[in-house]
Engineer: 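Would you mind keeping the following structure in view while I ask a few things?
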Amino acid sequence: MATRSEPGGAGGPESAGGARAAGEPGPRRDTRGIVDAPELFARVRFRRREPAPPLRPYLEHYWLVDWDLPEPYVTHVVPHPSVNAVFQRYGDGEPWCEVAGIGLGLFTQELHGRGRVCGVQFRPGGFRPFAPARPVSAWTGRRVPAADVFTAAAVDAAAVVVPDGEDARVAALDAFLLSLRPAADPQADRAMALVERVRTDRTIRRVAQLSAAEGVSPRTLQRLFAAYVGVGPKWVILRYRIHEALERAESDVPAADRAGRTAAPGAVVAAGARPRGAEPDWAALAAELGYSDQAHLVRDFTATVGVPPTAYAATRTPG
C-alpha cells in the first residue's frame with residue numbers, strides 16, 4: 001500500500017507556467033529539501049507550474065508528480081516552512097485531497113506502482129487567507145482532509161488529478177483556489193516578507209537579529225509566526241540552515257547558483273555536483289550558517305536527516 005505523497009518543497013527537473021511580469025521570478029529551480037534529488041528524479045516525473053496571477057502572492061508554485069514504478073522506492077524530504085494542499089491518486093483508487101501542515105521532522109514517503117499527485121505549495125505565511133478560521137499552527141505536524149480545512153468551497157479531487165492533460169490539472173487547481181476567495185491580509189503579507197528575509201538574508205542567524213531589524217519584540221514575532229506561518233521564527237531560521245547544509249553536503253556549487261538565483265533560464269541546479277572526493281569544510285560552514293561550533297551543526301543535521309553530515313556526504317561522493 002502506498003503511503004501519502006511528499007509535500008513539494010523542493011525543485012524538479014522541469015518548470016513551466018504562464019507569463020509573468022518583467023522581473024517577476026518564476027518557480028524556483030533548486031532542489032533544496034530533497035534528500036538525494038537525482039535518484040528521485042530518475043524514478044518519477046516531477047514538474048513545477050505557476051498558478052494564476054491572482055494567486056501568486058500567496059503560492060510558491062504547483063508541483064506535479066507522476067510515477068509508474070516496477071518496484072517500491074522510498075524518498076525523503078526535509079520540509080520547508082510551508083503548508084501544502086495535496087491532491088492525489090494511487091493506482092485505480094479514488095482521488096482524495098489533504099492539507100499537509102508544516103512537517104517538523106524528516107518526511108519519508110514510499111512510492112510504488114502507478115500514482116499521481118498535484119500539490120499546492122503555499123508561501124510561508126501565505127496559507128491563512130485561504131483558511132482564516134484557525135491559526136496556521138493548528139495544522140502544524142498534521143495531515144488533515146481538505147474538506148475539514150477549506151470550508152468556503154467544495155473540494156473535488158477528481159477534477160484535479162483525473163485529467164490527462166497537465167494544463168487541465170493546473171486550471172482545476174486555479175479554479176479551486178480562486179473559489180476560496182482569499183482576502184487581502186496585511187499580517188499575511190508581513191509574515192511572508194519576514195520569512196523571505198530569513199531565507200535570503202544570510203546575516204539573520206538568530207531571532208534577536210530579526211527582531212532588531214524589524215523593530216518589534218521577539219514575542220510579537222512569535223505570535224505572528226504562530227498565527228500565519230505555523231512555526232516559530234527560530235524554527236524557520238534553523239530549517240533554512242539545514243537546507244543549506246544539506247545542499248552543501250551534495251554539491252559545492254556556489255550558494256547563489258544552488259538557490260537558483262543565477263542559473264540559466266530553464267535550468268535546474270540539481271544536487272550531486274560535488275567533484276570526486278571533495279567534501280565541504282564543515283567547520284567553516286558551521287560558522288557561515290551562524291552555529292557556535294561544528295558540533296551544533298552536526299547535531300541539528302543528524303537530528304533532521306538521520307545521519308551525520310559527513311556520512312551523508314560520503315554517500316553522495318561519486319564513486
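If you read the sequence from its start, that first residue is 1, and numbering goes on from there.
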Engineer: Quick check: closest heavy atoms across Val44 and Leu111, and the distance to 0.1 Å?
Structural biologist: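 In terms of heavy atoms, the two residues are closest at CG1-CD1, 3.9 Å.
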
Engineer: Work out which heavy atom in Gln294 is nearest to a heavy atom in Ala286; give both atom names and the distance.
Structural biologist: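 Minimum heavy-atom contact is CA-CB, 3.8 Å.
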
Engineer: Using modelled atom types only, decide if a donor and an acceptor are shared between the side chain of Thr140 and the backbone of Gly230 within a distance under 3.5 Å.
Structural biologist: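 Answer holds: yes.
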
Engineer: Can you tell me how far NE2 of His243 sits from OG1 of Thr304, rounded to the nearest 0.5 angstrom?
Structural biologist: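 Separation between the atoms: 9.0 Å.
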
Engineer: Might you point out which heavy atoms bring Thr108 and His76 nearest each other, and give the distance in Å?
Structural biologist: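 Closest approach of Thr108 to His76: OG1-ND1, 3.1 Å.
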
Engineer: Examine distances only and state if a side-chain atom of Arg169 and a backbone atom of Pro163 form a donor-acceptor pair shorter than 3.5 Å.
Structural biologist: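 Such a contact is found between Arg169 side chain and Pro163 backbone.
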
Engineer: Any Lys/Arg nitrogen of Glu244 or Arg32 sitting under 4.0 Å from an Asp/Glu carboxylate oxygen of the other?
Structural biologist: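 Looking at Glu244 and Arg32, the cut-off is met.
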
Engineer: Between the side chain of Arg45 and the main-chain N/O of Asp66, is any donor-acceptor distance below 3.5 Å?
Structural biologist: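 No; zero donor-acceptor contacts below 3.5 Å.
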
Engineer: Mark yes or no: Arg241 above the aromatic ring of Tyr291, with NZ or CZ under 6.0 Å from the six-membered ring centre and no more than 45 degrees from the axis.
Structural biologist: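 Judged by the rule, Arg241 and Tyr291 form a cation-pi pair.
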
Engineer: I'd like to know if the side chain of Arg123 reaches the main chain of Arg56, judged simply by a donor and an acceptor atom lying under 3.5 Å from each other, with no hydrogens or angles considered.
Structural biologist: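 Checking the backbone N and O of Arg56 against the side chain of Arg123, a donor-acceptor pair under 3.5 Å is found.
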
Engineer: For Trp139, is the NZ or CZ atom of Arg134 found under 6.0 angstrom from the centre of its six-membered ring and inside 45 degrees of the ring axis?
Structural biologist: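 Yes, cation above the ring, under 6.0 Å and within 45°.
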
Engineer: Which atom names give the shortest non-hydrogen contact between Ala188 and Gly125, and what distance separates them?
Structural biologist: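 Scanning both residues completely, I find the closest heavy atoms to be CB-O, 3.6 Å.
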
Engineer: Can we say Arg299 and Asp293 salt-bridge, meaning some charged N sits less than 4.0 Å from an Asp/Glu carboxylate O?
Structural biologist: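 Salt bridge flag = no for Asp293 with Arg299.
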
Engineer: Is it true that Glu214 and Arg197 make a salt bridge, defined as a side-chain N closer than 4.0 Å to a carboxylate O?
Structural biologist: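 Yes, this pair counts.
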
Engineer: Kindly say whether the aromatic ring centers of Phe130 and Tyr58 come within a distance under 6.0 Å.
Structural biologist: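 Under 6.0 Å, so yes.
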
Engineer: Does any donor atom in the side chain of Glu71 or Tyr73 lie under 3.5 Å from an acceptor atom in the other side chain?
Structural biologist: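 Short answer, no.
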
Engineer: Can a cation-pi geometry be assigned to Arg128 and Tyr228, taking NZ or CZ under 6.0 Å from the six-membered ring centre and within 45° of the ring axis?
Structural biologist: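 Output yes; distance and angle both within limits.
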
Engineer: Out of curiosity, Leu297 CG to Trp282 CH2, how far, rounded to the nearest 0.5 Å?
Structural biologist: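 If we round to the nearest 0.5 Å, Leu297:CG and Trp282:CH2 are 6.5 Å apart.
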
Engineer: Does one hydrophobic cluster hold both Val298 and Leu246, with members joined at side-chain heavy-atom distances below 4.5 Å?
Structural biologist: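 Unlinked, Val298 and Leu246 end up in two clusters.
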
Engineer: With a 4.0 Å cut-off, would you call Asp167 and Arg49 a salt bridge?
Structural biologist: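 Judged by the 4.0 Å cut-off on N to carboxylate O distance, Asp167 and Arg49 do form a salt bridge.
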
Engineer: Please check: side-chain N/O of Ser211 versus main-chain N/O of Ala208, any donor-acceptor pairing under 3.5 Å?
Structural biologist: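 The answer is no, because no donor-acceptor pair under 3.5 Å joins these two groups.
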
